Amino acid sequence: MPKVTVDGVEIEVAPGTTILQACEQAGKEIPRFCYHERLSIAGNCRMCLVEVSPGPPKPAASCAMPVAEGQQIKTDSPMVKKARRGVMEMLLINHPLDCPICDQGGECDLQDQALFYGFDRSRFAENKRAVKDKDFGPLVKTEMTRCIHCTRCVRFATEVAGVEEIGATGRGEDMEITTTIGRILTSELSGNIIDLCPVGALTSKPFAFTARPWELRKTESIDVLDAVGSNIRVDARGSEVMRVLPRLNEDINEEWLSDKSRFAYDGLKRQRLDRVYVRDSGKLREASWDEAFTRIAERIKGLDGRRIAAIAGDLADCESMLALRDLMAALESPNVDCRQDGAKLDGRVRASYIFNTTIAGIEAADAALIVGANPRTEAAIINARVRKRWLQGGFPVGVIGTPADLTYRAQNLGAGPRTLTDLVEGRHDFAHVLEAAERPMIILGSGAVARPDGGAVLAAARAVAERFGAVKNDWNGFNLLQRASSRVGGLDLGLTPGIGGRDVAGIVAGAAAGDIGLVWLLGADEIPMDSLGSAFVVYQGHHGDVGAHRADVVLPGAAYTEKNATYVNTEGRVQRANAAHFPLGAAREDWAILRAFSTVIGKTLPYNTLAQVRARLIMANPVFAAVDGIVPAPWQDFGTAGAMTEAPFIDPIGNFYMTDPISRASVAMARCTEMIGAGRGATGTHG
């Protein structure tokens, strides 16, 4: 390993390390605009100049030069300081004095570096150039006169997002960053270029002119709008969420965030349930908590437990699902289910419903089979990680299901379950690919197991995993790609029907037939409400979605930014979300609502504080003790072997931008649906 000296301190670095990286290892901060550790090296801005000897008698771009044995590197010599000041002076020739009105103010790399290397006057008398703004769509606001041509946005769109929609035209002073002619950005990761832009050329359009960064209270939390569990930072002012940004987590989302997770926050203040309602004469009216609890208690009184049912929705947290489970157990009701989509998943076998490979583990796989899933719409961050592995080479990808542009080259193997059977029996050409792989990976979509033959599809996918060695001592390549943030946590807590109990379909059918007298919906909005018949419906949630419109009693709960809650992502990782502000109006945390109601009916739940609820979570399942960790799931038999239909697998997400009550209430997501379209990656293959 080569040894180099940085400002008089000798360090040893790995071969191939750049001078910039070596300086960072030595604790020296090197200014940069174009360099980014997750993007290819461009060497555009020249801000990272250092003095290197032996070498040419001039400053060197540290981001593009590899280290060599015995190099002497100086990061703060007079030559370096003069060179950086010269670069800054050139960058500011055409940069407008927009700091007072620029949304990047306070978070601007150019602003920060100008403080150290800038000059209080300019020696240039030429007119500043002006560049016409571009239309990047409903999410990204442009002020292209501020652009310094670092090309971070171009490289991100091409390399990470896999959608080559941004490029440069012209040369020199006439160079402009623009989108493909006549198009706007359609990538589901487009908002990340806002974070990457080192100046104010690309900013958030929904956030424009609403707040300054220093006015906001910042809270580290977890995203729940898909099952990835991306780490986020929620910036709030008072009781209003002003923006959502990604937080670095190498094991999950790295530093990226999907557009829905980033921009749907405006839905948190629209169509909110902040009061208690009861239905009289067919209309909902405002009521008190006591009146609502009394109304529910009267309906439950004398009602047999088998005529009571509960369904947990896709955004429910683990504390509230535990309280719901305990309440139904106290009422002796076996009709409890968290599988709102009807997935045929066995809650007793954890390996059957989690992403066993883990998200970071994707990079260790050497072949992939995607069955009945579209990762680009179901889990955009996971799709980006698969693309990252594909770019490294030696990673063939086969897809069974609807053809889609997944941003990487994939071979379409077939449309339906028959291809799974052909693979197990070795009759398909892709079987040879899986046989040759040392660490094959199978990604089974949750929509594929939500079909009537979902149990058989699950069993067939398990057979493929076992047939091709995807499960071995040091590797588990079987993955169930969940879409709902509550699904893994609900299954971990056993929110599935008890002995003789009904699942979601059975509950709906029972309500329609009059066999179910009361249905408790914990944020469940994705079921056919019109089929609940004359059943008494209690809706506990935070948005006035379809569930609230059908309800006889509405209990306002807290949204994910308003409560300290536990979620388990698709890979089985337990994570904690933190409240960015208090719940709105009369809304309360969901577990507390259920605890309060249990007292009214004389079946008090055995906890009073959040700490006690979390202690009971661990008692219910030890995996909840491993916060931010992965607990490997033992491999067991699962699925129900049987006949599968010829029906093709279909993309379960009709509209990427609207999949839950929060995003359906979002104006930004409505604009995306209107301008970009409902689905992403619907057709075509990546070349």
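Because the structure is a prediction, the values reported are computed rather than measured. We count residues from 1, following the sequence as given.
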- prompt: Could you go step by step and tell me if T5 and Q71 meet the side-chain hydrogen bond (donor to acceptor under 3.5 Å, both in side chains) rule?
  reply: CA-CA 6 Å; T5 302; Q71 276 181 336; over 6 Å; no
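There is no side-chain donor-acceptor pair under 3.5 Å between S122 and E89. When only modelled atom types and interatomic distance are considered, S53 and Q72 share no side-chain donor-acceptor pair under 3.5 Å. Defined by atom type and a distance below 3.5 Å, a donor-acceptor pair is missing between the side-chain atoms of T203 and D103.
A salt bridge is absent between E51 and K82; no separation between the charged side-chain nitrogens and carboxylate oxygens falls under 4.0 Å. The existence of a salt bridge linking D266 and R270 is confirmed by a sub-4.0 Å separation between a basic side-chain nitrogen and an acidic carboxylate oxygen. A salt bridge does not link K134 with E165: none of the charged nitrogens is closer than 4.0 Å to a carboxylate oxygen. The pair K28-D7 meets the salt-bridge criterion, with a side-chain N (NZ, NE, NH1 or NH2) lying under 4.0 Å from an Asp/Glu carboxylate O.
For the pair R262 and L245, the minimum side-chain heavy-atom distance is below 4.5 Å. L202 has its side chain within reach of M144: a pair of non-hydrogen atoms, C-beta onward, lies under 4.5 Å apart.
At least one donor-acceptor pair under 3.5 Å links the side chain of R237 to the backbone N or O of T210. Panel note: side chain K128, backbone I93; a donor-acceptor pair is recorded below 3.5 Å. Under the 3.5 Å distance criterion, the side-chain polar atoms of N253 are left unmatched by any main-chain donor or acceptor of E255.
Taking the ring pair (Phe, Tyr, Trp, His ring centres under 6.0 Å) definition, one finds that F156 meets it with W256, sequence neighbours left out.
Taking the ring centre of F207 as origin, the terminal cationic atom of R243 falls inside the region bounded by 6.0 Å and 45° from the ring axis. With a 6.0 Å cutoff to the six-membered ring centre and a 45° limit on the axis angle, K260 counts as a cation-pi contact of F656.
Dense packing is recorded around CD of E69, with more than 12 heavy atoms of other residues, nucleotides or ligands lying under 6.0 Å away.
Across L481 and I443, no two heavy atoms sit closer than the pair CB-CG2, 3.9 Å.
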